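Please read the structure below before turning to the comments.
Letters A, B, ... mirror the listed sequences (proteins, then strands); counts begin at 1. Since the structure is predicted, the reported quantities are computational estimates derived from the model, not experimental observations.
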Number of protein chains: 2
Amino acid sequence: MKERDDILRAAAEFLGRRPNATQDEIARAAGVSRATLHRHFAGRTALFAALEQLAVAQMRQALATARLADGPATDALARLVAASQDASAYLALMYSQSQEYDPEHPHEAWAEIDAEIAALFRRGQEAGEFRLDLGPAWLADAFYSLAAGAAWSVQTGRAAARDFTHMVTTLLLHGAVRR
Amino acid sequence: MKERDDILRAAAEFLGRRPNATQDEIARAAGVSRATLHRHFAGRTALFAALEQLAVAQMRQALATARLADGPATDALARLVAASQDASAYLALMYSQSQEYDPEHPHEAWAEIDAEIAALFRRGQEAGEFRLDLGPAWLADAFYSLAAGAAWSVQTGRAAARDFTHMVTTLLLHGAVRR
DNA sequence: CTCAGATGAGACAGAAACGTCTCACCTGAG
DNA sequence: CTCAGGTGAGACGTTTCTGTCTCATCTGAG
């Protein structure tokens, strides 16, 4: 029996790479038939609702795990990146779907998550840990971009999953220039 | 009269945010009717071919402008980012379309462009400018991710176009941590 | 003003995908 | 082994979108 969450993960990964995928293709990628996909999610709208809900839940979990208010902002960010790895397939999907799926409620949830991440960057700036010339909103966007990009690299085999945290954290905190 | 290139740019920006957009939506976003869109691009396939061709051409132009082999790798990268701004709408689109559009020829062109960018990072590493613990392939992917993310921020009004280069270059080279 | 060329609106046939259902078969617990 | 629940394949009617076309109108150069 194929677990609902297994289907969702496979769907998220597939849709992250093929935003135009048909239900048939999504079902196949998830290893089930279209009828089974329909039984779990009564149509594309329901599938996307479930994906978004799971993405939000996972990011909320990541935020709770990372405890952004605790300790140095630098350490909190590293914890956030690590905790976001599980959600990264969904981030890549949400990134590619962007405004595609647009009900009221989930955007509020994302706004909340965005605000918490931006607040972490702001805290870091106020504490003198992070530079002031890059806005917290951009830093939060960049976090998402890099996480989604790294997820994609992992999915396409260009990077190892175990390197996710290091790749994103190092670049986000320290950049490419050698110390 | 609406210029063909104006249509392509508007289409790229719109599709970067709405990869599933219908031809009708694309046309409207470009300020023309579907019939006119069809007259310029005989169908979705032709539209995507034109978009990809333009993206490749613009990135090639950016590479030529940036002269990646000249001077310190750090400076070359900054030049690349600056030169890529015009192409960034297309990068965001190509990012969201990913494997969606898949003819033989354009992927070869992208592979070439990718290789040149990765070679810049490799050169920087060999010259001791860039850290060694992040692979050139990831650094190239990260460049794309940040450029696309910044393009999106600019498009959605969360960042100013004039800050594009600074946002991407600073983060890519130096990261968020304060010196 | 004229007129060639461009445009938008809308029509239309066809294709693809959708949502949904039925039925035969499978799976795994008891 | 039995049987409840799950599954896949395929059918089917509906919907959406597509590619394409016609025709009336608009635009801008001469």
* Asked: Less than 4.5 Å apart, any side-chain heavy atom of A/Ile26 and any of A/Ile7?
  -> no
Show each protein N/O and nucleotides 8-10 of chain C N/O combination with a separation under 3.5 Å, one pair to a line.
from	atom 1	to	atom 2	distance (Å)
C/dG8	OP2	B/Ser33	N	3.0
C/dG8	OP2	B/Ser33	OG	3.0
C/dG8	OP2	B/Thr36	OG1	2.1
C/dG8	N7	B/Arg39	NH1	3.4
C/dG8	O6	B/Arg39	NH2	2.6

* Counterpart residues, ring pair (Phe, Tyr, Trp, His ring centres under 6.0 Å), relative to B/Phe130 (two or more places apart) -> B/Phe121
* Structure fact -> Sequence neighbours excluded, the answer for salt bridge (Lys or Arg N to Asp or Glu O under 4.0 Å) partners of A/Glu116 is none
* May I have the distance from B/Phe41 (atom CZ) to C/dT7 (atom P), rounded to whole angstrom? => 11 Å
Without placing hydrogens or testing angles, list every side-chain donor-acceptor pair under 3.5 Å for residues 160-169 of chain A, not counting sequence neighbours.
from	atom 1	to	atom 2	distance (Å)
A/His166	ND1	A/Thr170	OG1	3.2
A/His166	NE2	B/Asp133	OD2	2.9
A/Thr169	OG1	A/Thr165	O	2.7

* Looking at residues at least two apart in the chain, or sitting in another chain, which of them share a side-chain hydrogen bond (donor to acceptor under 3.5 Å, both in side chains) with A/Gln125? -> none
* Mind checking side-chain hydrogen bond (donor to acceptor under 3.5 Å, both in side chains) for A/Ser33 and listing every partner two or more places apart, or none if nothing turns up? => A/Thr36
* Asked: Between atom CG in A/Asp24 and atom P in D/dC12, what is the gap in whole Å?
  -> 18 Å
* Interatomic distance, A/Gln23 CD vs D/dT16 P [rounded to whole Å] -> 15 Å
* What's the CD1-C1' distance between B/Ile26 and D/dT18, to the nearest Å? -> 12 Å
Enumerate donor-acceptor pairs with a distance under 3.5 Å from any side-chain N or O in residues 70-78 of chain B to protein atoms, sequence neighbours excluded.
from	atom 1	to	atom 2	distance (Å)
B/Asp70	OD2	B/Arg67	NE	2.9
B/Thr74	OG1	B/Glu129	OE1	2.7

* To do: Indicate whether OP1 or OP2 belonging to C/dT20 is found under 4.0 Å from a side-chain N or O atom of A/His38.
  => yes
Less than 3.5 Å apart, which donor and acceptor atoms pair up between the side chains of residues 171-179 of chain A and the rest of the protein, not counting sequence neighbours?
from	atom 1	to	atom 2	distance (Å)
A/Arg179	NH2	A/His174	O	2.3
A/Arg179	NH2	A/Val177	O	3.1

* Taking atom P of D/dA9 as reference, at what distance in whole Å does atom CZ of A/Arg28 sit? -> 10 Å
* Nearest-Å distance, NE2 (A/His40) to P (D/dG5)? -> 15 Å
* Asked: At how many degrees, to 10°, do the end axes of the helix from C/dC1-D/dG30 to C/dG30-D/dC1 meet when each uses five pairs?
  -> 40°
